[in-house]
Amino acid sequence: MALAREGAAVVVADLDATGADETCAVIRASGGRADVLALDVTEEGDWNAAIEAVSRRHGELHILVNNAALCIRSPLLETSFETWRRQNAVNLDGVFLGTRAALPLIVASGGGSIVNISSVAGLKGIAGLSGYCASKGGVRLFTKAVALECAAARNKVRVNVICPGSIETPIWVKMMNDGVLPHGSNSDTALMDEIRSASAEATPLGFSGAPDDIAEGVIYLCSEAARFVTGAELVIDGGVFAG
Ligand SMILES: NC(=O)c1ccc[n+]([C@@H]2O[C@H](COP(=O)([O-])OP(=O)(O)OC[C@H]3O[C@@H](n4cnc5c(N)ncnc54)[C@H](O)[C@@H]3O)[C@@H](O)[C@H]2O)c1
């Protein structure tokens, strides 16, 4: 939505078709340009089809935001290999597949910006989140390596990573339920309230962030103002990582 506000024609790609349609409708209602694509970021074929569709519909691509993720709270000894792989498939394989699929079209379009969403959990360990931390740490270093490849190729593509702190979204509830939203739950649940208070208490600024706080970072990294910024990690966390 923030990218559309800045004038971008946005392709909303998600496994959740209903959510993608809703986002697209909100953008269009406020005069923005958006369309949707069904995408499972873990599927190589989906990515190839998605980039082909973007090329057909828009003729060019300048920005890719790799945002999809699962967060599954699970102590190591209770974590099955299937859970480890499922989380990594979305969080790390998805970023690899998306970046590899989109890069040629971004280059052919004259350059642009790739923003990967990691986490403060990619900067430090958090008990109960070993799989999530491993995947998000991977996203950070994958970003830096690809940024250097792009810089060496002089292809005018900058690649950066954002590490959000605690941002109020449904991921909080999913985290406690094997990465899935329990049927019928919404942001008013007691669990959300509980996590909101704990998160505010653990955040130096005293409140948790909103998705727009991260979106503003994406806008900056994709703008000309960030023309000298690549391979960087932008921490947006209310001060958590400061000390
Ligand atoms: N909310 C936080 O506190 C927080 C903190 C740090 C980092 N992050 C990161 O921010 C990003 C956005 O998370 P969020 O908080 O909005 O979570 P969310 O659960 O609300 O959104 C995640 C989105 O990813 C989509 N998704 C999941 N699996 C997918 C797949 N296989 N293919 C395509 N789409 C898929 C979901 O449908 C959903 O729309 C994630 O990378 C997350 O790790 C969030």
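Both counts, for ligands and for their atoms, begin at 1 and track the order of listing.
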Every pair of nitrogen or oxygen atoms between ligand 1 and the protein that is under 3.5 angstrom apart - can you list them with their distances to 0.1 Å?
residue  : atom   : partner : partner atom : Å
ligand 1 : 1 (N)  : Ile167  : O            : 2.8
ligand 1 : 1 (N)  : Thr169  : OG1          : 3.3
ligand 1 : 3 (O)  : Ile167  : N            : 2.8
ligand 1 : 3 (O)  : Ile167  : O            : 3.1
ligand 1 : 3 (O)  : Trp172  : NE1          : 3.4
ligand 1 : 15 (O) : Thr169  : OG1          : 2.5
ligand 1 : 19 (O) : Lys174  : NZ           : 2.6
ligand 1 : 31 (N) : Asp40   : OD1          : 2.9
ligand 1 : 32 (N) : Leu39   : O            : 3.4
ligand 1 : 32 (N) : Val41   : N            : 2.9
ligand 1 : 34 (N) : Leu15   : N            : 3.4
ligand 1 : 37 (O) : Asp14   : OD1          : 2.6
ligand 1 : 39 (O) : Asp14   : OD1          : 3.4
ligand 1 : 39 (O) : Asp14   : OD2          : 2.6
ligand 1 : 41 (O) : Asn67   : O            : 2.7
ligand 1 : 41 (O) : Lys136  : NZ           : 2.9
ligand 1 : 43 (O) : Tyr132  : OH           : 2.5
ligand 1 : 43 (O) : Lys136  : NZ           : 2.9

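Val229 belongs to a hydrophobic cluster whose other members, connected by ILVMFWY side-chain contacts under 4.5 Å either directly or through intermediates, are Met1, Leu3, Val10, Val12, Val26, Ile27, Val36, Ile63, Val65, Val115, Ile117, Ile162, Ile167, Ile214, Val218, Ile219, Tyr220, Leu221, Leu234, Ile236.
Within a 6.0 Å radius of NZ in Lys156, other residues, nucleotides and ligands contribute 12 heavy atoms or fewer. Counting non-hydrogen atoms of neighbouring residues, nucleotides and ligands closer than 6.0 angstrom, the CZ atom of Arg100 exceeds 12 such neighbours.
For the pair Glu233 and Thr143, the minimum side-chain heavy-atom distance is 4.5 Å or more.
In this structure Ser197 satisfies the side-chain hydrogen bond (donor to acceptor under 3.5 Å, both in side chains) test with no other residue, sequence neighbours excluded. With sequence neighbours left out, the salt bridge (Lys or Arg N to Asp or Glu O under 4.0 Å) criterion links Arg86 to Glu82, Asp178.
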